[in-house]
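Some notes on the structure that comes next.
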Amino acid sequence: MSYHINDNGYYGDFGGAFIPEMLHPNIEKLRQNYLQIMSDSEFQKEFKQLLRDYVGRPSPLYYASRLSKKYNTKIYLKREDLNHTGAHKINNTVGQILLAQRLGKTRIIAETGAGQHGVATATVCALMGIECIIYMGEIDIKRQAPNVARMKMLGAKVIPAMSGSRTLKDATNEAMRDWINNPLDTHYIVGSVVGPHPYPDMVARFQSIVSEEIQWQLKDQEGTTKPDYVIACVGGGSNAAGAFYHYLEDTSVQLIAVEAAGKGIHSGESAATSILGKEGIIHGSKTLLMQTKDGQITEPYSISAGLDYPGVGPMHAHLYKSGRAEFMSITDDEAMKAGLALSQLEGIIPAIETSHSLAIFDHKKFKNDDIIVINLSGRGDKDLQNYIDYFKL
Amino acid sequence: MSYHINDNGYYGDFGGAFIPEMLHPNIEKLRQNYLQIMSDSEFQKEFKQLLRDYVGRPSPLYYASRLSKKYNTKIYLKREDLNHTGAHKINNTVGQILLAQRLGKTRIIAETGAGQHGVATATVCALMGIECIIYMGEIDIKRQAPNVARMKMLGAKVIPAMSGSRTLKDATNEAMRDWINNPLDTHYIVGSVVGPHPYPDMVARFQSIVSEEIQWQLKDQEGTTKPDYVIACVGGGSNAAGAFYHYLEDTSVQLIAVEAAGKGIHSGESAATSILGKEGIIHGSKTLLMQTKDGQITEPYSISAGLDYPGVGPMHAHLYKSGRAEFMSITDDEAMKAGLALSQLEGIIPAIETSHSLAIFDHKKFKNDDIIVINLSGRGDKDLQNYIDYFKL
Amino acid sequence: MNRIKQQLLTDKKLLSIYFTAGYPNLEDTVSIIKSLERHGVDMIEIGMPFSDPLADGPTIQDSSTKALQNGMTTEILFEQLQAIRQSVSIPLIIMGYFNPILQYGVEAFCEKCQNIGIDGLIIPDLPMDIYESDYRQIFEAHGLINVFLITPQTSEERIQYIDANSKGFIYMVSSASTTGVQVGFGDEQTSYFKRIADMNLNNPQIVGFGISNNMTFKQATNQAKGAIIGSAFVKHLTTEGIDSIDKFINTILGECH
Amino acid sequence: MNRIKQQLLTDKKLLSIYFTAGYPNLEDTVSIIKSLERHGVDMIEIGMPFSDPLADGPTIQDSSTKALQNGMTTEILFEQLQAIRQSVSIPLIIMGYFNPILQYGVEAFCEKCQNIGIDGLIIPDLPMDIYESDYRQIFEAHGLINVFLITPQTSEERIQYIDANSKGFIYMVSSASTTGVQVGFGDEQTSYFKRIADMNLNNPQIVGFGISNNMTFKQATNQAKGAIIGSAFVKHLTTEGIDSIDKFINTILGECH
Ligand SMILES: Cc1ncc(COP(=O)(O)O)c(C=O)c1O
Ligand SMILES: Cc1ncc(COP(=O)(O)O)c(C=O)c1O
């Protein structure tokens with residue numbers, strides 16, 4: 001069984017491009033060109049150079065000795081929090097802005113949840129001098145205020161999404177509407193491995209730099225390119241896709257995807273898509289999503305804006321259904337505690353999204369010689385107020 | 001003429017250790033041991049490994065093409081903003097915490113202005129599991145709230161300095177008092193190239209990694225290890241010391257130090273130490289400082305908490321007096337504008353401290369083939385509220 | 001013969017009206033349909049409300065949210081329409097996003113439509129290639145016409161392809177926009193209308209998006225076979241309620257139709 | 001003979017009092033000095049206020065800030081002391097941080113002190129090695145004794161070195177602390193006092209820091225030659241003003257001295 005995309009744009013049963021005709025020209029142009037553009041050597045050169053000189057790659061693979069000691073196993077943190085703008089999201093936006101330029105686009109739109117993708121998009125737009133519009137749920141605008149401020153500093157226009165749950169899902173709807181209304185000059189920089197084909201594959205390829213680096217970094221430090229486990233949180237699934245990518249076909253490496261259980265999986269306030277979801281269509285792709293019996297998309301909940309999404313990317317739906325990856329879910333409380341623990345054990349304040357991955361050690365035992373790589377997808381600066389309020393610091 | 005420290009702990013006429021007897025044992029122990037500890041190969045190995053895997057070094061040397069175009073010259077940004085915790089300060093705290101461990105210390109104190117050094121100190125203390133107390137002026141606690149939140153998340157205790165101007169100078173006094181009261185178990189991690197010998201030299205050596213990297217990075221990109229100019233802002237002077245270090249003796253490389261002119265050099269609200277200061281003693285070293293005729297230390301002012309200090313390190317006093325470096329001063333308004341400009345030109349939101357360096361292009365013309373390296377000492381996340389309020393974004 | 005095809009054979013310019021089922025009130029569906037037919041509308045698109053109608057503008061989006069809050073479901077809609085053919089004879093098309101249909105079961109959905117007497121479907125997020133490979137057979141087995149869209153950005157080649165695979169009419173989106181965004185037609189649209197007319201397609205075209213009064217209706221149907229009004233009608237329902245539908249239709253068709 | 005040396009030759013235990021010049025009021029300096037002598041104090045340390053007194057605790061720090069706000073300067077202090085020797089005969093020591101002295105000019109400062117009749121200086125942030133190399137000659141040329149500190153952390157070797165270079169007494173800091181922090185002496189201090197006494201230094205020792213009442217005064221002077229009170233006296237001035245200095249001295253020395 002393959003875990004990569006097939007020629008029709010599917011991962012197993014999931015994927016495809018369920019899009020309104022209005023988006024057809026844009027999506028089709030992307031589909032026809034993305035692989036060729038991305039494999040062009042000039043593109044690769046420019047991409048790699050920006051990743052190095054602008055983003056600050058390679059991000060370190062840091063052996064967390066105090067955390068390892070606490071759980072009596074070997075834990076490496078892949079430090080995407082050290083990237084410019086503070087999360088893995090920028091790997092993708094750097095790639096897509098170069099692609100957008102080659103497609104002749106002069107206006108960029110994006111959706112954002114935690115604001116990290118919005119900031120990463122506003123950043124590359126500033127870098128290239130391109131107009132930038134960011135859609136963000138009204139609730140998320142409130143709970144991720146620092147990132148809203150950053151987008152404004154970077155010259156982007158932030159438009160609140162006022163419908164539905166006023167979070168990531170609704171921001172995505174608004175971005176798609178914008179694209180429908182501005183098909184010629186605009187490129188939509190989707191922020192995760194979601195949306196119609198070729199987005200999931202394209203974003204996964206841009207993020208695959210993460211596991212590409214893990215391979216040689218682990219080789220340097222442990223003498224093997226293969227960890228026993230790779231662990232990542234899943235909102236849409238881009239940081240997980242990046243961390244899993246080069247290990248997808250090698251089943252000796254166990255993959256663990258961590259979702260947000262919010263106030264508890266069965267509390268009615270959660271975003272644990274794989275467990276609670278059913279197959280369906282959201283934002284242009286067939287995947288797992290949380291929905292009513294009637295096919296209405298459910299409003300998810302998580303304390304973490306970046307995981308507060310009712311779907312997962314089609315790659316992850318496939319990894320779940322096929323059993324290739326283990327899916328776990330972590331509540332708000334567990335995540336917050338794990339975030340504080342990492343801060344005080346290793347001096348790294350993680351994004352609340354990432355804190356979900358860090359919380360699994362209280363649920364799952366590992367052997368003392370297991371090599372575990374956790375994708376530390378982002379830093380917690382954007383979440384400080386939430387942490388402070390939560391812990392009454 | 002040498003620009004490095006001499007055997008007596010002086011840079012030319014400046015430096016020394018004007019300390020109360022109560023600090024003598026600590027300072028003396030440091031002085032006797034720092035060079036030996038720092039040159040120990042185990043120490044170097046651990047230090048370099050933490051810089052790589054934990055801090056994320058090397059920090060990129062990024063060619064800022066849009067900025068270069070705007071000013072018709074070649075501008076490289078040394079990306080200390082990409083370090084873990086977001087500024088150059090951590091280079092020094094990683095070094096000092098390793099040193100403190102070797103000196104058998106179990107409690108760490110530090111002063112902080114912008115909060116970057118406080119965060120960097122709290123970070124390494126969490127990393128090593130060592131108690132951490134941070135002194136911070138009450139005014140700075142207000143204007144750098146995100147960093148206060150970070151220190152708390154990291155488990156540090158933040159104690160407000162309520163005397164004097166309630167900024168960096170007063171926090172430093174409090175930290176010294178603490179050290180006097182706790183001479184046995186405590187190491188004081190000074191955050192800049194200030195304080196009694198051997199601090200200025202020790203901090204400069206830890207920060208010298210910055211120019212060490214610039215040399216080979218520039219060689220890679222421009223075929224020469226030597227830029228025409230190296231530019232850095234100066235609060236106490238540590239980021240400048242790091243960026244200048246390996247170029248100090250090579251006068252073909254011009255050094256520019258940028259100070260905060262606040263509301264104008266002669267407004268009475270400024271921190272332009274070299275221009276306004278006279279020789280004297282502050283925080284244990286003989287240097288240039290802003291003071292009254294009567295030798296009372298003046299309360300400085302700058303919109304940037306990290307530059308809001310009435311002294312400069314003795315190395316910089318010497319660079320000023322000898323003419324080795326050119327000193328410029330930039331007002332609040334000029335700095336804020338330059339910060340916004342970089343955000344929107346290059347997608348990098350700088351710390352307000354750093355924005356001062358970026359503002360000099362409106363004061364000084366460079367040739368179109370000049371190679372200029374600006375030390376981008378930190379990111380602006382901590383300053384977002386100030387930027388937002390200032391520009392009413 | 002399918003009622004849509006029949007209606008397309010008449011030589012009048014067709015007025016088709018979209019409304020969101022369950023809006024303004026859950027039980028308004030049947031009254032609205034009857035009223036529309038009574039006042040001269042030629043075809044009706046019954047909108048199945050969806051939580052995330054990404055091809056629609058704020059008006060239809062809001063009406064969908066309200067309809068769902070009113071309790072509208074696929075099941076209830078089918079119940080409401082159960083006896084519709086006892087009183088209504090113009091073509092009825094269900095317009096809905098694909099996920100609710102998928103959850104209902106595509107085959108079950110089509111069967112239900114057939115039993116009720118629905119003539120066609122418009123599913124904005126079911127692209128033609130997926131329809132062709134996976135669903136055409138089912139739709140056709142139940143006598144349902146699936147209507148495809150073209151836009152000003154659709155390439156000539158793709159228009160030909162859509163035309164070749166369409167069985168009733170082509171839904172011609174007047175401009176690149178989600179519903180309700182346009183305010184009137186300018187040169188760009190006029191030349192687009194002409195360009196499509198000149199292609200002499202097999203399927204007649206009905207123009208949708210941006211039609212809100214007699215002028216835009218006339219512009220739209222100058223060369224096309226008909227026009228669809230959505231947002232403007234939903235807005236009318238919001239402000240005027242369901243009792244003055246005649247007034248709305250009259251302003252569209254002009255006083256003396 | 002220098003008044004300090006003379007005083008040290010008496011066999012009584014010496015009480016030395018520190019106060020901040022210009023506090024509580026700018027003009028209190030002379031009255032305080034006179035009152036202290038009148039009520040039996042053996043030696044006085046006149047504190048020159050400094051903006052950043054980093055070896056002092058909050059009490060002395062606050063009094064310094066207030067004194068500066070009151071307008072105290074080096075110039076004014078010298079003016080106030082100009083005629084002090086007409087009425088006061090006990091040793092007078094100026095205690096101040098080095099920067100104001102440096103700005104005044106070390107030589108000019110010493111000359112002024114000599115003219116006034118100041119006997120010694122305590123400059124906490126002027127370490128012995130710098131004093132030795134740069135300033136001893138100047139101080140001695142003007143008959144000034146520079147007093148050095150030792151603390152519980154000072155090594156035996158360094159104590160010997162300080163003793164060898166001291167010319168009056170050694171200021172023995174009772175414990176590692178900025179002024180005003182201690183509340184009483186425990187075992188640690190007692191054994192420290194004993195350890196120093198056993199060294200049989202050339203210079204007598206006067207204990208400072210943490211002396212606030214008769215008990216701590218007695219403990220401190222059990223083996224040392226005398227004790228210096230700073231924070232406790234400044235606190236007394238703050239709460240009681242300058243008129244009840246006798247009461248303060250009495251509690252320190254015990255009722256029947
Ligand atoms: C730090 C961080 N981690 C994870 C996520 C979740 O996104 P994804 O699942 O695409 O990695 C986000 C989204 O904003 C994020 O900011
Ligand atoms: C980002 C940044 N730059 C510069 C400074 C000034 O310090 P220094 O002059 O020691 O580099 C600070 C101090 O906090 C800082 O945070």
Side-chain angles (χ1 to χ4, degrees), chain A residues 8-10 15-29 31 111 135 161-165 169-186 195-197 278-287 289-299 310-311, chain C residues 48-58 61-62 64-65 68 71-77 96-105 109 122-131 133-134 148-155 158-159 162 170-173 175-182 209:
Chain A
N8 298 321
Y10 282 81
F18 293 79
I19 47 160
E21 184 63 29
M22 295 82 113
L23 291 179
H24 186 273
N26 279 328
I27 295 290
E28 187 57 18
K29 192 169 171 191
R31 192 186 66 76
E111 89 295 343
Y135 291 92
M162 310 291 291
S163 61
S165 52
K169 158 175 92 70
D170 312 286
T172 309
N173 292 338
E174 291 303 335
M176 290 207 163
R177 281 189 190 106
D178 182 309
W179 210 15
I180 288 172
N181 293 333
N182 299 282
L184 290 180
D185 58 346
T186 299
H197 178 66
K278 284 182 300 179
E279 296 184 17
I281 288 159
I282 181 171
H283 295 142
S285 82
K286 188 180 266 186
T287 186
L289 63 142
M290 290 164 56
Q291 51 184 313
T292 65
K293 224 183 104 268
D294 207 40
Q296 306 296 340
I297 299 175
T298 308
E299 297 184 3
Chain C
M48 289 210 316
F50 183 52
S51 54
D52 296 80
L54 55 82
D56 290 295
Q61 198 184 336
D62 291 349
S64 302
T65 305
L68 291 172
M72 182 51 81
T73 64
T74 312
E75 208 68 73
I76 291 174
L77 178 60
Y97 287 81
F98 193 44
N99 195 52
I101 298 171
L102 203 59
Q103 301 309 317
Y104 196 92
F109 191 90
I122 302 177
I123 306 171
D125 58 345
L126 179 61
M128 176 167 272
D129 56 337
I130 301 176
Y131 172 75
S133 63
D134 298 358
F148 295 102
L149 280 59
I150 63 169
T151 80
Q153 274 67 51
T154 312
S155 67
R158 185 163 172 86
I159 293 175
I162 287 173
I170 289 175
Y171 189 140
M172 185 174 156
V173 175
S175 62
S177 71
T178 47
T179 57
V181 169
Q182 276 292 120
F209 289 47

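For the numbers below, each heavy atom of this structure counts, side chains included, while hydrogens, waters and symmetry mates do not. By convention in this document, chain letters (A, B, ...) are assigned in the order of the sequence lines, proteins followed by strands, and residues within each chain are numbered from 1. Everything quoted here is computed from the prediction, not taken from an experiment.
- Contacts of A:Asp170 with chain C are made by side-chain atoms alone, with heavy-atom separations under 4.5 Å and no backbone atom involved.
- Under the salt bridge (charged side-chain N to carboxylate O under 4.0 Å, His left out) criterion, A:Glu28 pairs with A:Arg31, sequence neighbours left out.
- Using a 4.5 Å cut-off between heavy atoms, C:Pro152 makes no contact with chain A at all.
- Neither the backbone nor the side chain of C:Tyr104 comes within less than 4.5 Å of any heavy atom of chain A.
- Both the backbone and the side chain of C:Thr74 come within less than 4.5 Å of a heavy atom in chain A.
- For C:Ile123, no part sits under 4.5 Å from any heavy atom of chain A, backbone or side chain.
- In this structure, the portion of A:Leu289 lying under 4.5 Å from any heavy atom of chain C is its side chain and not its backbone.
- In this structure, A:Met22 and C:Ala55 approach most closely via the heavy-atom pair CE-CB, 3.9 Å.
- In terms of heavy-atom pairs under 4.5 Å with chain A, the best-connected choice from C:Thr73, C:Leu68, C:Asp125 is C:Asp125.
- With a threshold of 4.5 angstrom between heavy atoms, C:Gln61 approaches chain A through side-chain atoms but not through N, CA, C or O.
- Top candidate by heavy-atom pairs under 4.5 Å with chain C, chosen from A:Leu184, A:Asn173, A:Thr292, is A:Asn173.
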Evaluate the criterion side-chain contact (heavy atoms from CB on, under 4.5 Å) for residue pair A:Gln291 and C:Ser51; output intermediate values, then yes/no.
-> CA-CA 10 Å; A:Gln291 51 184 313; C:Ser51 54; over 6 Å; no
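- In A:Lys293, the NZ atom is not crowded: 12 or fewer heavy atoms of neighbouring residues, nucleotides or ligands sit closer than 6.0 Å.
- Without hydrogens or angle criteria, A:Thr172 side chain to A:Glu111 main chain gives no donor-acceptor distance under 3.5 Å.
- Within the 4.5 angstrom heavy-atom criterion, no atom of A:Glu299 approaches chain C.
- When heavy atoms are compared at a cutoff of 4.5 Å, C:Leu102 approaches chain A solely by way of its side chain, counted from C-beta outward.
- Taking each heavy atom of A:Ala17 and C:Pro127 in turn, the nearest pair found is O-CG, 3.0 Å.
- Contact of C:Ile150 with chain A is made through the backbone alone, with heavy-atom distances under 4.5 Å.
- Ring geometry for A:Phe18 versus C:Phe98: interplanar angle under 30°, hence parallel rather than tilted (30 to 60°).
- Between C:Phe148 and C:Tyr131, the ring planes lie perpendicular to each other; the angle is over 60°, past the 30° to 60° tilted range.
- Taking A:Asn182, A:Asn8, A:Ile297 one by one and counting their heavy-atom pairs under 4.5 Å with chain C, the maximum is reached by A:Ile297.
- The candidate with the highest count of non-hydrogen atom pairs below 4.5 Å against chain A, out of C:Met128, C:Glu75, C:Arg158, is C:Arg158.
- Closest approach of C:Leu54 and A:Pro20 over heavy atoms only: CD1-CG, 3.9 Å.
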